[in-house]
Amino acid sequence: MVERLSLRQRPRRNRKSEAIRASCRETSFGPQHFVYPLFVHDGDTDVPIGSMPGCARLGKRGLLAEVERAVAVGVGMVALFPAIPEDHKDPTGRESFNPSGLVPRTVAALKERWPQLVVVTDVALDPYSSDGHDGIVAPDGRILNDETVEVLCKQAVAQARAGADIVAPSDMMDGRIGAIRDALDREGFTEVSILAYTAKYASAFYGPFREALDSAPRHGDKKTYQMDPANVREALREVALDEAEGADWVMVKPAGPYLDVIARVRDATSLPVAAYQVSGEYAMLNAAIERGWLDERRCVLESLGAIRRAGADLILTYFARRAAAWLAGEK
Ligand code: PBG
């Protein structure tokens with residue numbers, strides 16, 4: 001006979017069946033917590049992205065079909081990222097505020113088909129910049145802050161005018177949240193929200209995204225505007241600023257390798273917190289899934305659950321449609 005340990009506390013009692021486990025589960029999530037990032041281009045076909053299996057630069061028809069499938073499983077928010085042809089790029093990214101450019105046309109098409117769909121647009125110059133930077137590059141290589149913010153304001157207003165519900169500045173210039181808020185309000189777009197990329201790190205995990213959009217910096221890196229991965233107090237400083245400037249959400253990016261930052265940001269603000277599970281996180285998981293080294297459904301849902309547990313309300317994830325389908329009971 002085994003001698004019984006004299007334990008009053010046996011945490012395993014709370015894990016003894018699925019019903020018991022479900023009754024004390026601390027975090028949960030569903031499609032209402034997902035934003036689905038989608039790549040669009042001005043072509044008729046969908047062009048698969050090598051390092052992001054299951055993702056493509058979508059043409060108009062492909063986009064509508066993909067959104068249809070996402071909406072069917074309960075995804076209610078999408079974020080658009082445009083691939084702009086090289087001959088539409090210039091040093092100041094003027095195409096970014098062209099009222100009949102790709103993004104405004106795409107927003108209008110989506111809102112016409114699904115008036116209730118929440119459409120998030122990216123505010124930054126990199127897809128439009130011949131230098132591949134989020135801001136305007138001076139002859140000596142510096143990224144010009146205030147000159148860039150002026151263009152970002154025009155870009156945000158053009159997106160709002162096309163029907164965007166939420167504009168999401170991903171550029172990391174100083175003061176852009178306040179300036180964009182003022183510009184939107186001045187033009188009468190007081191109802192358009194701002195999802196601020198508040199703590200966006202100079203991360204190596206954006207590689208596949210830059211391949212998808214052909215938007216990598218032509219020279220230099222993004223370290224004078226995106227944050228140093230070593231820092232977390234600095235994230236709280238950015239939160240305080242974006243909050244004061246009128247952000248409706250604050251975002252941490254990347255998500256998985258930065259769960260501590262998400263948790264600290266969660267504690268530092270009463271605003272809703274978003275986190276971006278970026279292209280490199282998606283690529284890593286898929287690489288192992290394709291080799292049969294990880295179970296797709298379980299590792300994806302676990303990665304999303306971890307981001308929720310850290311404190312994110314909203315998750316931008318390329319898995320949004322598939323995860324929503326699994327949560328809806330699809331095999
Ligand atoms: C650029 C932007 C990037 C991403 C979203 N917006 C890349 C970058 O900063 O170079 C990355 C998203 C991803 O990797 O999934 N404004």
Side-chain angles (χ1 to χ4, degrees), residues 34-40 49-58 78-84 89 93 95-96 103 120-137 143 145 148-149 151-152 155-156 159 166-173 176-177 180 194-229 238 249 251-258 274-287 300 303-304 307 312 314-321:
F34 301 150
V35 178
Y36 192 14
L38 295 165
F39 300 108
V40 294
I49 299 160
S51 53
M52 299 180 71
C55 294
R57 292 183 185 184
L58 300 165
V78 298
L80 300 176
F81 293 96
I84 302 295
K89 299 184 184 184
E95 178 65 15
S96 65
V103 167
V120 182
T121 49
D122 183 60
V123 181
L125 299 189
D126 50 312
Y128 309 93
S129 153
S130 43
D131 296 302
H133 275 285
D134 294 34
I136 299 170
V137 185
I143 307 296
N145 194 87
T148 298
V149 171
V151 183
L152 298 176
Q155 183 182 17
Q159 294 169 345
I166 300 177
V167 297
S170 66
D171 58 289
M172 290 300 278
M173 297 301 118
R176 90 281 206 212
I177 301 302
I180 290 171
I194 300 180
L195 165 57
Y197 285 65
T198 297
K200 176 173 178 179
Y201 287 87
S203 172
F205 288 92
Y206 308 149
F209 175 98
R210 294 178 189 173
E211 179 202 323
L213 295 188
D214 198 11
S215 64
R218 305 293 190 255
H219 43 79
D221 53 42
K222 300 192 175 185
K223 290 180 188 170
T224 69
Y225 47 107
Q226 299 181 347
M227 284 178 46
D228 185 332
E238 290 282 4
W249 278 272
M251 177 145 71
V252 175
K253 175 184 176 185
Y258 292 80
Y276 199 143
Q277 184 181 51
V278 300
S279 57
E281 298 176 69
Y282 180 83
M284 281 197 302
L285 288 169
N286 275 296
V300 169
S303 74
L304 297 170
I307 295 165
L314 208 56
I315 307 173
L316 282 82
T317 174
Y318 301 98
F319 291 113
R321 195 222 342 118

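Both counts, for ligands and for their atoms, begin at 1 and track the order of listing. Model, not experiment: these values are computed from the prediction.
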Pair Glu281-Ser303, side-chain donor/acceptor within less than 3.5 Å: no
Heavy-atom pair with the smallest gap, counting every atom of Thr121 and Val103: CG2-CG1, 3.8 Å
Within the 4.0 Å heavy-atom shell around [X], which atoms of ligand 1 are there?
X: Asp134; value: 1 (C), 16 (N)
X: Ala124; value: 16 (N)
X: Lys222; value: 8 (C), 9 (O), 10 (O)
X: Gln226; value: 8 (C), 9 (O)
X: Tyr276; value: 12 (C), 15 (O)
X: Lys200; value: 1 (C), 2 (C), 3 (C), 6 (N), 8 (C), 9 (O), 16 (N)

Aromatic contact, Phe39 with Phe209 (centres under 6.0 Å): yes
Report the nearest protein non-hydrogen atom to [atom]: residue, atom name, distance rounded to 0.1 Å.
atom: atom 16 (N) of ligand 1; answer: Ser170 OG, 2.8 Å
atom: atom 1 (C) of ligand 1; answer: Asp126 OD2, 2.8 Å
atom: atom 12 (C) of ligand 1; answer: Phe209 CD1, 3.3 Å
atom: atom 14 (O) of ligand 1; answer: Ser279 OG, 2.7 Å

Selected option - heavy-atom contact closest to atom 6 (N) of ligand 1, from Glu211, Arg210, Lys253: Lys253
Closest candidate by heavy atom, reference atom 15 (O) of ligand 1, pool Tyr318, Tyr206, Tyr282: Tyr318
Side-chain donor or acceptor of Lys200 paired with backbone N/O of Ser170 under 3.5 Å: yes
Interatomic spacing from CG in Asp171 to NZ in Lys222 - rounded to 0.5 Å: 10.0 Å
Qualifying residue for ring-ring contact (aromatic ring centres under 6.0 Å, His included) with Tyr201, from Tyr206, Tyr276, Tyr225, Tyr258: Tyr258
Heavy-atom side-chain contact between Gln226 and Asp134 under 4.5 Å: yes
Audit row: Tyr197, Arg176, side chain to side chain contact (heavy atoms under 4.5 Å, CB included) steps and yes/no: CA-CA 11 Å; Tyr197 285 65; Arg176 90 281 206 212; 4.0 Å; yes
